[in-house]
Every structure is written in C-alpha cells, then in structure tokens.
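These notes are about the structure you will find just below.
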Amino acid sequence: MVEAEFGLMHITGEKDRPPVKVGVAVTDMTTGLYASNSIMAALLARAQTGKGQHLDIALSDCQVATLANIASSVLISGEPDSGRHGTAHPSIVPYESFPTKDGNILLGGGNDRLYGILCETIGEPLWASDSRFKTNALRVEHRHTLVPMIADKIKMKTTKQWLGIFNNSGMPYAPINDIQTTLSHEQVVARDMVQTVKHKSCGSIKLINTPVKFSQSTPGIRTPPPQLGEHTDEILENILGMNGDKIAELKLAGIIA
C-alpha cells in the first residue's frame, strides 16, 4: 500500500503497462535500515549527552526519501515525472535490458565512450559516429530508433555468448539471473552469503547470511529459526523472572505456546 500511495509503483514497470510493485517488500526493509541507522546515531548521541531519544520512523517517510533523484528532479523542475521506463534509464541511452536468444542481458552504455565500446563490441562501429547518436542527448532523443537496432543485434546470440564477448570490454553489463542462479553465483559463494545451519526438526537448512563484513568481528547466523514456543520458557524465566508455575498457568490458558 505504501509503495502505491507514495510514488514507487508509479515509477516501477514498463512504460505502456500498468504500474507494478517491487518483487520484495523493499519499503519495509528500507525503513528497517533507516531505523537501525537511527538507533546507532541515537546511542552515539546518548554517549555524548547522556540523554536518550524517541525515534519516529514511518514507512511513508522512508518511501518518499528513497524516491531519491526522481523526487529531486520533480522538486527542482516543477514538472511531473516521466513515469515508468521498465529497465531503461530516463536520461541515459542505451542503459537497459535486452533480450538474448535465451534470456536477457543488461547493458550500460552510460556515456559517449561506453556507447562507442558497445558499438564496437556488437560489430556496429559506425553507429558511434551516426549523427543521430553521437551524444547522449541525441541518443535520448532518438531512443525509439536506436534501442530496437541494438535489440536486433543482441537477440542473435545467447546470454552466455554475449557475456564472453563483453568480458574485459570495459563496459558495464550483467546477465539477468533468476534467484536460483543468483544464490549459486560465484560472488555470492565467495562472499559467504549462503550458510548451512542445523535445525532440530528440519535437519540441515540453507539461509541467507548477513551482508556486512567487519574487519575485527565475524557476524553471522547464531541460531537456526526457532520453532513455535521454543524459547518461551527461557525468555519468561530469565528476562521477566517468571517461575515455572506461572508459565505453566499461561500455557494452560492458551496465552503462550
């Protein structure tokens, strides 16, 4: 709902298609990140001043903040935003996903030099000097001519073939991977982003690891996901100081598991 009401869905999706939501609860996660940063800042402030603070962190505020450059453009220009662009960039061409023979690849010809590399790499060097496409402003103007030209070239080979061709070219590019491929990606493996833990009911299970690496500490998955009520007695006894009879009474009443 927050994605819809506060702008994100409006700018997400294909240009001539209805708005769509992001594939994960990005606003919830963004708000959590803002919250954790704010808690750290408040703790640092308390260490200096001796005073704590109440933090007011709203999903709507965090969603508005993450509109970033698009919100800034609207505020500065006073004009409406340009809407949805799919994988394309509103002011850089070519910078979008192109279908290959068996998948999709994202290509980032983000400036004149990189556009020239793209033209050379796909076997069309004359496109770099074409008067319609010599500068980014011209490429944006002639987007609907240039993008289909590139698309016709890219769909002639498989994603793997293009990855080999673009390798060491100096131009940004990336395959569009599904989740299974992502989780087995060599970078994901090298960064230890998937860990195996032992669960008392499920046996060995794989979980996503913390993405932050510290130079002196080793954060990670301390325990597997708990079963329903697994830590109830421990928390009530050790933190709230309840005795066994009181806990048994709450369980009997169905108040706790």
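Sequential numbering from 1 along the given sequence is applied to the chain's residues.
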Joint hydrophobic cluster, Tyr95 plus Ile70, side-chain heavy atoms closer than 4.5 Å: no

Just how far is it from atom CG of Leu118 to atom OH of Tyr173, taken to the nearest 0.5 Å? 13.0 Å

Is there a side chain to side chain contact (heavy atoms under 4.5 Å, CB included) between Ile165 and Lys157? Walk through the geometry before answering. CA-CA 10 Å; Ile165 292 169; Lys157 300 181 186 296; 3.5 Å; yes

Quick check: closest heavy atoms across Ile205 and Pro225, and the distance to 0.1 Å? CD1-CD, 3.9 Å

Within the 3.5 Å criterion, strictly below it, is a donor on Thr182 or Asn177 matched to an acceptor on the partner's side chain? no

Taking atom types as modelled, find out whether His142 and Asp130 have a side-chain donor-acceptor pair closer than 3.5 angstrom. no

Under 3.5 Å, side chain of Tyr115 to main-chain N/O of Thr135, donor-acceptor pair present? no

With the side chain counted from C-beta on, respond yes when Val20 and Thr12 share a heavy-atom pair under 4.5 Å apart, and no when they do not. yes

When rounded to the nearest 0.5 Å, the distance separating CD of Glu141 from CG of Leu146 is 12.5 Å

Group every Ile, Leu, Val, Met, Phe, Trp and Tyr by side-chain heavy-atom contacts under 4.5 Å, then state whether Ile208 and Val197 land in the same group. no

Would you say the side-chain atoms of Asp102 pair up with the backbone N or O of Thr159, donor to acceptor, closer than 3.5 Å? yes

Verify, without hydrogens or angle tests, whether Glu3 (side chain) and Val22 (backbone) share a donor-acceptor contact under 3.5 angstrom. yes

Taking all non-hydrogen atoms of both residues into account, name the closest pair between Pro224 and His199 and its distance. CB-CD2, 3.9 Å

Please check if Leu59 and Val24 belong to a single hydrophobic cluster, counting links between Ile, Leu, Val, Met, Phe, Trp and Tyr side chain heavy atoms closer than 4.5 Å. no

